[in-house]
Amino acid sequence: MNATLRNLLVNTACLAVGVLLSLGFWSMLSATVAKELPTPAATWEVAKPYIVEPFAKRGEQDQGILRLVGYSLGLVAKGYLIALIVGTPIGFLLGLSKGFARVFDPIVQVLRPVSPLAWLPLGMVLFLSTGRQALENGALFTIAICAMWPTVLNTAVGVRAIPQDYLNVGRVLKLSRMKMLFKIMVPATLPYMFTGFRLSLGIAWLVIVAAEMLTGRTGVGSFLWNEYNNANYGNIIFSILTIGVIGFILDRLMSVAESRFKTA
Amino acid sequence: MSSFLEISRLHKTFPTPKGPLTVVKDFDLKIRKGEFIALIGHSGCGKSTVLSMIAGLSDVTLGGIILAGKEVTNAGPDRGVVFQSPCLLPWFTAFENVMLGVNQVYYTASKEERRQIAEYYLSVVGLADAMHKRPGELSQGMRQRCGIARAFALSPKMLLLDEPFGMLDNLTKMELQDVLLDLWQRDQKTALIVTHDVDEALYLADRVVMMTDGPEATVGEIFEVPFARPRDRRALLEDPAFYEAREHLLHFLNHRSHERPARPEGEPPAPKVKPPATGLRRFMGALAAA
């Protein structure tokens with residue numbers, strides 16, 4: 001047996017042990033302390049129609065799980081994109097200009113710890129004039145503003161960490177400002193930027209549940225909330241697992257992209 | 001013969017927590033066109049500071065540097081700099097690193113011509129087969145070869161080398177010294193190398209400038225290297241004159257580098273002040289200087 005195969009088997013076995021232990025603990029909880037908590041088997045029963053037909057559309061809220069995930073991912077993608085487009089230049093300015101950092105760094109530090117739940121009402125107020133779109137725009141605003149900070153801060157740190165040697169090369173060659181920015185500064189900052197992008201994506205996905213719960217926009221988050229209201233408690237657990245798995249996959253994908261750029 | 005580079009009463013003062021520290025004081029030097037100068041001194045004496053002021057990477061506190069009739073106020077591609085660490089941009093290949101400079105200097109040439117210039121210099125330094133590799137895939141010596149190619153490809157008025165071979169093993173060092181001499185002879189450049197290696201200075205230079213110890217370092221003595229060019233390393237090592245010269249330089253470094261020669265009184269001239277940047281220019285300046 002070769003080493004990689006053995007490694008794989010060991011890892012799978014460990015994973016199985018972890019899952020079994022968790023399921024055991026869960027069963028024990030629902031059998032003893034929390035009688036309302038569905039057992040793993042009961043959860044599987046309620047969740048089954050959503051998994052077996054992942055793309056079914058039976059009604060506005062009654063849809064296959066992947067379809068629901070798709071709606072949520074769509075919204076996250078938009079909000080995340082806005083976060084990157086706005087956050088990266090702000091990070092660059094914070095890193096480049098001492099004056100800009102002095103003026104705006106305190107504001108960033110104050111706004112950064114604010115919860116998505118707090119931003120959402122403000123977002124909806126901001127977009128009240130857009131009528132029926134207000135909910136969606138408010139949610140986008142919330143995702144964008146919460147997801148932006150890691151990108152802003154990591155980019156700023158990256159810009160400050162550009163080695164003086166690289167900048168000297170640019171000065172000796174008398175590169176134009178644009179060339180200096182795009183041939184030297186951006187590539188030198190890229191690894192930091194990607195760390196920020198990855199953390200930002202994690203937060204954007206975290207915010208989606210809150211945003212959907214409060215706005216009622218169709219997706220995994222609102223599904224979770226509706227099923228709570230419908231007393232289908234099994235689907236709460238099912239939604240949580242789905243959100244976790246999707247978040248994990250997104251993070252893996254980003255870390256692959258990140259390592260690509262690190263070697264560059 | 002008139003001087004190509006004229007450094008007069010150069011001062012460099014750094015602010016420190018204990019007040020200003022004058023690292024270089026009253027540094028005078030005249031270099032003829034096509035001359036190869038080596039600047040030696042103890043580490044930390046300020047030789048690299050002098051070089052980076054000539055390169056325009058460090059501001060002149062007092063005094064002046066005039067290169068080909070123009071005062072040096074800023075960095076520019078008319079002075080090719082070879083840094084101690086080769087300072088290649090790791091996201092570009094060796095070829096792209098050289099092209100970055102070539103594109104700046106030969107902006108009127110066609111794309112094909114620029115490519116040929118970069119390829120020519122990369123081949124001369126021995127990187128013909130590795131020019132499309134990134135610095136991460138190159139050895140330390142190959143990176144420095146690329147650094148030399150980049151400096152020469154700019155077709156600069158002057159070459160400035162800051163301990164370019166300090167981080168290399170002896171064998172690679174000797175190879176690269178020959179590469180450097182070869183290119184220098186082909187292109188007839190004026191060159192200044194900062195080094196603490198006495199043998200290197202004697203092998204490469206026409207004159208060796210010995211600096212006194214810092215702070216307030218200055219020119220202690222200038223030694224004319226008597227060996228004819230082209231020089232042969234083996235013959236040089238058998239020449240008793242080489243050992244005499246070597247002994248002379250080492251004696252200076254070991255015994256006399258702390259003596260400051262007498263200097264004229266009076267204030268040296270202040271350097272030309274750059275016009276203060278305003279508005280957008282200042283913002284963009286922050287981009288570059290950050």
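Keep in mind it's a predicted model, so treat the numbers as computed, not measured. Order of the sequence lines sets the chain letters (A, B, ...), proteins ahead of strands, with each chain counted from 1.
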* To do: Step by step, work out the side-chain contact (heavy atoms from CB on, under 4.5 Å) result for B:Trp91 and A:Leu190.
  => CA-CA 10 Å; B:Trp91 45 89; A:Leu190 220 49; over 6 Å; no
* Pair B:Phe92-A:Ile184, side-chain contact (heavy atoms from CB on, under 4.5 Å): steps then yes or no -> CA-CA 10 Å; B:Phe92 289 145; A:Ile184 295 188; 5.8 Å; no
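At least one side-chain heavy atom of B:Leu100 sits under 4.5 Å from a side-chain heavy atom of A:Lys183.
Looking only at heavy-atom pairs under 4.5 Å with chain B, the residue among A:Ala188, A:Gly99, A:Gly170 that has the most is A:Ala188.
Of all non-hydrogen atoms in A:Tyr166 and B:Leu88, the two that sit nearest each other are CE2-O, 3.8 Å. Closest approach of B:Gln104 to A:Lys174, counting heavy atoms only: NE2-O, 2.9 Å. Closest heavy-atom contact between A:Leu173 and B:Pro77: O-CG, 4.0 Å.
Taken to the nearest 0.5 Å, the CG atom of A:Asp165 stands 4.5 Å off from the OG atom of B:Ser85.
Counting non-hydrogen atoms of other residues, nucleotides and ligands closer than 6.0 Å to CG of B:Asp129 gives a total of 12 or fewer. Within a 6.0 Å sphere centred on OH of B:Tyr120, heavy atoms belonging to other residues, nucleotides or ligands number more than 12. Counted within 6.0 Å of NZ on B:Lys157, heavy atoms from surrounding residues, nucleotides or ligands total more than 12; the atom is thus considered enclosed.
Heavy atoms closer than 4.5 Å to chain A are found in both the backbone and the side chain of B:Leu57. With a 4.5 Å cut-off on non-hydrogen atoms, A:Lys179 touches chain B through its side chain but not through its backbone.
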